[in-house]
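Please read the structure below before turning to the comments.
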Amino acid sequence: MAGMIPVSDDEFDWEGDLPLRLPQKDLVIYEMHVRGFTKHDSSKVDFPGTYIGATEKLDYLKELGINCVELMPCQEFNEMEYFGHSTAMKGNKVNFWGYSTINYFSPMIRYSSAGMSNCGHDAINEFKTFVREAHKRGIEVLLDVVFNHTAEGNENGPILSFRGADNSTYYMLAPKGEFYNYSGCGNTFNCNHPVVRQFIVDCLRYWVVEMHVDGFRFDLASILTRSSRLWDSINVYGNPKDGDTLTTGSPLGTPPLIDMISNDPILRGVKLIAEAWDSGGLYQVGQFPHWAVWSEWNGQYRDIVRQFIKGTNGFSGAFAQCLCGSPNLYQAGGRKPWNSINFVCAHDGFTLADLVTYNNKCNLSNGEDNRDGENHNLSWNCGEEGECASITVRRLRKRQMRNFFLCLMVSQGVPMIYMGDEYGHSKGGNNNTYCHDNHLNYFRWDRKEDSSSDFYRFCHLMIKFRSECESLGLDDFPIGDRLQWHGHRHCAPDWSITSRFVAFSMTDKVMQEIYIAFNTSHLPVTVSLPERPGYIWEPLVDTSKPSPYDFLSDDLPDKPIAIKQYAGFLHSNLYPMLSYSSIILILRPDPESLL
């Protein structure tokens, strides 16, 4: 069975559930895989790897500070698409990620505790239960959807649905019947054909109205902006326009599908996030047609932050743009900082722990002779390749992980965390684990609870700090009346090509004022702080310190002693920073000035 037929289930009790409609600027997104989240034995849930299992762990996400989950594909897909025994991975190769949809209106049956019983209809109620319980905890649910291609492959692929119904309508075809392959997966959905785009809109409405999801992330969304096969203005708009015939797949300035979604009375009110590129070379980050409602996975943020944090010259100015919500990409088009979905790691690519552990991918276990996966990861192993490293290197790696996470939490825009990064999950250097239904893709609850959980503490406190700061989730781009840039000396930023230091201070309605600095040089530096008569800067975060002194939370028993160690520097408006470290200071009234 390719998936059950969706039916309206009047018996499901939504218990008064309504859309949360959280302001997007306040979101902290958690990208997660339903099966991988609880499949490991250490999850200790009743139904591991299911919607019900994930529901049991929602309180964990709430505790971490997450208020939005982005579910990797949950529409029915064929797990057996790549099935076969692989000696390299010592097991069977399967489609684990799910980016190959069969039935767009069906929740994945094998994520249901009931499985195929009741013709798979129980999966609908279990998915609804997950959404309802997430909403009770103030957590929105976004669905990762794949409309750029389907599971039917190229002209030699299987006939499952669309190819048998109307091949030339649903796919972009060359004159001799070959499939255009802008998706890199064999075919390209003919998204801007009138029939196809109506199908897509109907599907999205179903998941919003019937399943109560709060929005969507569109995989390889640039394909949704490409012209349909046999494109012409009569075919699309119903009226002729001279010179409007385009080559199949040409990018459109005002694609009809994006227009329909953006102006649909149901869909324009939900979160719409584009992965603004495709495998055919179309890259639209900052330029995706948006109608003032679309946001984007900011791939430029990822690349620039990775370069700057590892100490590459020439990125200080671009890094500052990232901290401000990438106004260079979004301001001119009338969008806001929260239209930038900021991320350092996602499901495809290195995890955060692997980003600081491996210079090179280790994908041999995929059975493709290490040819698959991204080759340019902008990673740095901190001096030694792999997990077996000296104590000095391991300490530096933890520091770099804290640097990345701090950067993500203090940047304007919407931060997105990948599942498991909060405890340092490793995939052994594999940056393309699409085919692994095993420990590589499973959340390790046992590791989250062991001694490595000091990083979890740091992440939890950083998310909490972001939520408490009025200045770190602004509705518009920060400007000079509240933002000051600094260098090693206050008010003297260094934007030269050799600069590896960026610092700024920002007024905050809750915290008074905060000072944040990044030193990505291999050399330590003593920085001079902005002078504020009657006040003193108090250290809150220093990523160079071991846990728990990396974050001086109020419940730390010896916090006053830790702060006092810096008294000599702070009373001179100075602070010593180690190499590859970042700090957050808070402005407090100076007790001595009150005497």
Inset, instruction - Would you confirm whether Asn190, through its side chain, and Thr169, through its main-chain N or O, come within 3.5 Å as a donor-acceptor pair? - result: yes
Legend entry - Thr254 side chain near Trp291 side chain, heavy-atom distance below 4.5 Å: yes
Legend entry - Centroid-centroid distance, Phe288 to Trp297, less than 6.0 Å: no
Inset, instruction - Give a yes or no on whether the backbone of Gly420 and the side-chain of Glu422 come within a donor-acceptor separation of less than 3.5 Å. - result: yes
Inset, instruction - Step through it carefully: locate the ring centre of Phe105, locate the ring centre of Phe199, and say whether they are under 6.0 Å apart. - result: yes
Inset, instruction - Keeping the roles fixed (side chain from Ser295, backbone from Ser340), state whether a donor-acceptor pair exists under 3.5 Å. - result: no
Legend entry - Arg402 side chain to Thr543 backbone, donor-acceptor under 3.5 Å: yes
Inset, instruction - For the pair Ser379 (side chain) and Tyr358 (backbone), establish whether a donor and an acceptor sit closer than 3.5 Å, ignoring hydrogens and angles. - result: yes
Inset, instruction - For the residue pair His425 and Tyr418, establish whether any side-chain heavy-atom pair is separated by less than 4.5 Å. - result: no
Legend entry - Verdict with supporting geometry, Phe147 and Phe189, ring pair (Phe, Tyr, Trp, His ring centres under 6.0 Å): CA-CA 7 Å; Phe147 289 110; Phe189 216 39; 7.0 Å; no
Inset, instruction - Could you please spell out the steps behind the side-chain contact (heavy atoms from CB on, under 4.5 Å) verdict for Val69 and Phe37? - result: CA-CA 12 Å; Val69 293; Phe37 193 47; over 6 Å; no
Legend entry - Distance-only donor-acceptor check, side chains Gln307 and Asp303, under 3.5 Å: no
Legend entry - Asp354-Ser426 side chain donor-acceptor pair, cut-off 3.5 Å: yes
Inset, instruction - Determine, stepwise, if the pair Cys322 / Asn342 fulfils side-chain contact (heavy atoms from CB on, under 4.5 Å). - result: CA-CA 9 Å; Cys322 291; Asn342 301 330; over 6 Å; no
Legend entry - Asn339 and Trp294 side chains, donor-acceptor separation under 3.5 Å: no
Inset, instruction - Please determine which of Asn432, Asn430, Asn431 meets the side chain to side chain donor-acceptor pair (under 3.5 Å) test together with Asp372. - result: Asn432
Inset, instruction - Give a yes or no answer on whether the side chain of Tyr30 reaches the backbone of Gly65 with a donor-acceptor pair at less than 3.5 Å. - result: no
Legend entry - Minimal non-hydrogen separation, Gln412 against Leu474, with atom names: OE1-N, 3.0 Å
Inset, instruction - For the pair Phe127 and Phe130, name the ring-plane relationship: parallel under 30°, tilted 30 to 60°, perpendicular over 60°. - result: tilted
Inset, instruction - Run the ring-centre check on Phe216 versus Trp207 and record whether the distance is less than 6.0 Å. - result: no
Inset, instruction - Determine yes or no for a side-chain-to-main-chain donor-acceptor pair under 3.5 angstrom, with Arg226 supplying the side chain and Ser250 the backbone. - result: no
Legend entry - Shortest non-hydrogen separation from Pro478 to Met506 and the atoms involved: CB-CE, 3.8 Å
Legend entry - Aromatic ring pairing Trp380/Tyr580, orientation class (parallel under 30°, perpendicular over 60°, tilted between): tilted
Inset, instruction - Could you tell me which non-hydrogen atom of Met409 sits nearest to which non-hydrogen atom of Leu472, and how far apart they are? - result: O-CD1, 4.1 Å
Legend entry - Non-hydrogen side-chain atoms of Tyr104 and Val145 separated by less than 4.5 Å: no
Inset, instruction - Would you check if the side chain of Arg500 reaches a backbone N or O of Asn313 as a donor-acceptor pair within less than 3.5 Å? - result: no
Inset, instruction - Drop me the distance from Gln331's CD to Lys336's NZ, to the nearest 0.5 angstrom. - result: 8.5 Å
Legend entry - Reported SG-to-CG distance for the pair Cys185 and Asn148, which is rounded to 0.5 angstrom: 6.5 Å
Inset, instruction - Mind listing the closest non-hydrogen atom pair of Val208 and Leu267 along with its distance? - result: CG2-CD2, 4.0 Å
Inset, instruction - Carefully, step by step, assess Leu257 and Ile261 under the rule side-chain contact (heavy atoms from CB on, under 4.5 Å). - result: CA-CA 6 Å; Leu257 172 60; Ile261 294 173; 3.8 Å; yes
Legend entry - Ring centre gap for His33 and Phe96 strictly below 6.0 Å: yes
Legend entry - Whether Asn181 side chain and Gly184 backbone form a donor-acceptor pair below 3.5 Å: yes
Inset, instruction - Before giving the answer on side-chain contact (heavy atoms from CB on, under 4.5 Å), spell out for Ile514 and Ser471 the whole-Å C-alpha distance, their side-chain angles and the decisive distance to 0.1 Å. - result: CA-CA 9 Å; Ile514 57 177; Ser471 61; 3.7 Å; yes
Legend entry - Any Lys271 side-chain heavy atom under 4.5 Å of Glu70 side chain: no
Inset, instruction - Give, for atom NZ of Lys361 and atom CZ of Phe350, the distance between the pair rounded to the nearest 0.5 Å. - result: 9.0 Å
Legend entry - For the student: nearest non-hydrogen atoms of Gly269 and Arg21, plus distance: O-NH1, 2.8 Å
Inset, instruction - State whether Arg217 and Glu31 are salt-bridged, where the test is any N-O pair (Lys NZ or Arg NE/NH1/NH2 against Asp/Glu carboxylate O) under 4.0 Å. - result: no
Legend entry - Separation of Tyr434 OH from Asn95 CG (nearest 0.5 Å): 9.0 Å
Inset, instruction - May I have the step-by-step check of side-chain hydrogen bond (donor to acceptor under 3.5 Å, both in side chains) for Glu152 and Tyr170, ending in yes or no? - result: CA-CA 11 Å; Glu152 292 189 289; Tyr170 286 98; over 6 Å; no
Inset, instruction - Quick one: pull up CG in Asn377 and CG in Asn359 and give me the separation to the nearest 0.5 Å. - result: 9.5 Å
Inset, instruction - Would you mind reporting whether His135 and Val131 have side-chain heavy atoms less than 4.5 Å apart? - result: yes
Legend entry - From Gln284 atom CD to Thr225 atom OG1, the distance as rounded to the nearest 0.5 Å: 4.0 Å
Inset, instruction - Determine whether His149 and Phe179 make a side-chain contact, defined as any pair of heavy atoms from C-beta on separated by less than 4.5 Å. - result: no
Legend entry - Pair Glu155 + Lys176: basic N to acidic O under 4.0 Å: no
Inset, instruction - Over all heavy atoms of both residues, which pair between Val141 and Ala134 is shortest? Give the atoms and the distance, please. - result: CG2-CB, 3.8 Å
Legend entry - Ser326 versus Asn298, side-chain donor and acceptor atoms under 3.5 Å: yes
Legend entry - Short side-chain donor-acceptor distance under 3.5 Å, Asp166 and Ser168: yes
Inset, instruction - Please tell me if the side chains of Ile341 and Val414 come closer than 4.5 Å, counting only heavy atoms from C-beta onward. - result: yes
Legend entry - Worked verdict on Tyr423 versus Phe443 for ring pair (Phe, Tyr, Trp, His ring centres under 6.0 Å): CA-CA 10 Å; Tyr423 69 83; Phe443 189 100; 4.9 Å; yes
Inset, instruction - State, with a plain yes or no, whether a side-chain heavy atom of Leu323 is found less than 4.5 Å away from one of Cys407. - result: yes
Inset, instruction - Report the relative orientation of the aromatic rings in His347 and Tyr99; use parallel for angles under 30°, tilted for 30 to 60°, perpendicular for over 60°. - result: parallel
Inset, instruction - For the pair Tyr182 and Tyr180, name the ring-plane relationship: parallel under 30°, tilted 30 to 60°, perpendicular over 60°. - result: parallel
Legend entry - Side chain Asp494, main chain Ser499, donor-acceptor under 3.5 Å: no
